[in-house]
Amino acid sequence: MKSKKAFSLQLEQRVLWVRADGVWNTRTANDYVQEFRQMVQPIVSAPWAVVLDFRHWQLSPADVFSILKDNTRWCFEHNLCHVETIFADNAVVMWQFAKATEVTNRPVNLISQVAKDEDAARTVLRTAGFLNN
């Protein structure tokens with residue numbers, strides 16, 4: 001039986017949709033970063049956005065945090081300027097998410113906000129010009 005993948009990535013125009021599922025280990029985090037960077041390569045020459053859906057992410061070991069922080073820094077260095085986050089209804093998972101994305105030198109023009117669901121994120125990103133109607 002094949003196990004379910006711990007994340008899914010979908011590129012739509014100038015937006016990468018990310019869904020994190022289950023527990024991640026360092027291999028999962030490294031696979032995620034590799035696929036993430038490969039997928040956004042066609043759009044990083046101009047401002048782009050990401051939707052992070054963490055509703056199904058579970059507690060993961062702390063060694064995952066440094067890998068994800070490095071990816072966050074990389075994103076900021078490669079024109080990421082808008083983040084919509086769909087949070088889990090779990091305070092500990094939310095703390096973990098904050099630790100995994102906490103970096104210095106965030107772009108001054110970065111928009112980072114919470115979306116209730118995919119539809120809410122899509123509406124904001126259309127208005128911001130990252131998605132066409």
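These numbers come from the heavy atoms of this one structure, side chains and all, not from hydrogens, waters or symmetry mates. Values in this document were obtained by computation on a predicted structure and should not be read as measured data.
- Considering Leu16, Val15, Val18 as possible partners of Val51, the one that fulfils the side-chain contact (heavy atoms from CB on, under 4.5 Å) test is Val15.
- Other residues, nucleotides and ligands contribute at most 12 non-hydrogen atoms within 6.0 Å of the CG atom of Asn105.
- Looking at Ser112 and Arg106, their side chains come closer than 4.5 Å, going by heavy atoms from C-beta outward.
- Linking ILVMFWY residues whenever their side-chain heavy atoms come closer than 4.5 Å, directly or via other members, leaves Phe65 and Tyr32 in distinct clusters.
- Residues Gln113 and Thr85 have side chains not in contact (no heavy-atom distance under 4.5 Å, counting atoms from C-beta outward).
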Output, in order, the C-alpha distance, side-chain angles, deciding distance and verdict of side-chain contact (heavy atoms from CB on, under 4.5 Å) for Val64 and Gln96.
CA-CA 10 Å; Val64 168; Gln96 175 178 277; over 6 Å; no

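- The number of heavy-atom neighbours closer than 6.0 Å to CG of Asp117, taken from other residues, nucleotides and ligands shown, is above 12.
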Run the side-chain contact (heavy atoms from CB on, under 4.5 Å) check on Glu12 and Leu131 step by step: do they pass?
CA-CA 8 Å; Glu12 180 183 357; Leu131 294 172; 3.8 Å; yes

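- Annotation: side chain of Cys75 is in contact with side chain of Phe36 (closest heavy-atom distance under 4.5 Å).
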side-chain contact (heavy atoms from CB on, under 4.5 Å) for Thr26 and Thr28? Distances and angles first, verdict last.
CA-CA 5 Å; Thr26 55; Thr28 306; over 6 Å; no

Using the side-chain contact (heavy atoms from CB on, under 4.5 Å) rule, take Val83 and Leu52 through it: C-alpha gap first, then chi angles, then the decisive distance, then the call.
CA-CA 7 Å; Val83 179; Leu52 302 171; 3.9 Å; yes

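- Taking Arg14 as the reference, nothing meets the side chain to side chain donor-acceptor pair (under 3.5 Å) condition, with sequence neighbours excluded.
- Listed by chain and residue number, Arg37, Arg73 satisfy the side-chain contact (heavy atoms from CB on, under 4.5 Å) test with Asp70 (two or more places apart in sequence, or in another chain).
- At a threshold of 4.0 Å, the pair Glu118-Arg19 does not count as salt-bridged, since none of the basic side-chain nitrogens sits closer than that to a carboxylate oxygen.
- Looking at Glu35 and Lys5, a side-chain N of the basic residue comes within less than 4.0 Å of a carboxylate O on the acidic one, giving a salt bridge.
- Side chains of Val114 and Phe87 form a contact here, defined as non-hydrogen atoms less than 4.5 Å apart.
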